[in-house]
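Values below: all heavy atoms of this structure, side chains included; hydrogens, waters and symmetry mates excluded.
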Amino acid sequence: MSRRRYVARGVPGGYRIWDNTGRRWWGDLYELCPDDLLTELNGGADPARISALLKRYRALKR
């Protein structure tokens with residue numbers, strides 16, 4: 001059974017992305033986990049697509 005590289009995990013105050021390969025948190029803390037980001041994490045988990053989504057949501061937070 002293979003483990004996914006990236007998973008969204010609930011933490012106090014929202015969600016963060018856990019990198020199983022690097023064994024560290026990846027990206028920012030989100031109060032709500034955006035649906036398309038969660039879909040990508042649970043689906044193909046393409047790192048380039050995840051990075052693009054994170055950049056988009058980071059820009060919206062500003």
Side-chain angles (χ1 to χ4, degrees):
M1 181 175 168
S2 67
R3 291 175 46 178
R4 295 198 180 276
R5 179 169 180 181
Y6 301 108
V7 292
R9 291 197 176 168
V11 295
Y15 287 89
R16 294 205 63 190
I17 297 172
W18 179 254
D19 179 354
N20 279 321
T21 303
R23 304 195 52 79
R24 62 185 171 91
W25 294 112
W26 193 69
D28 297 330
L29 171 70
Y30 295 94
E31 290 180 16
L32 299 173
C33 193
D35 290 338
D36 52 348
L37 178 58
L38 190 59
T39 301
E40 185 62 36
L41 288 168
N42 290 334
D46 175 35
R49 173 87 172 123
I50 293 170
S51 293
L53 290 169
L54 289 173
K55 285 179 186 177
R56 186 171 105 202
Y57 290 114
R58 194 174 300 128
L60 291 174
K61 286 173 67 174
R62 293 181 185 169

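Residues satisfying the side-chain contact (heavy atoms from CB on, under 4.5 Å) criterion with Asp46, sequence neighbours excluded, are Glu40, Ala48, Arg49. Partners of Val7 by side-chain contact (heavy atoms from CB on, under 4.5 Å), not counting sequence neighbours, listed by chain and number: Arg4, Arg9, Trp18, Asn20.
Interatomic distance, CZ of Arg23 versus OG1 of Thr21, reported as 10.0 Å (0.5 Å rounding). Between Tyr15 atom OH and Leu37 atom CG the span is 11.5 Å, to the nearest 0.5 Å.
Side chains of Ile50 and Arg5 form no contact here, defined as non-hydrogen atoms less than 4.5 Å apart.
Between Trp26 and Pro47, the shortest heavy-atom distance links the atoms CH2-O, 4.4 Å.
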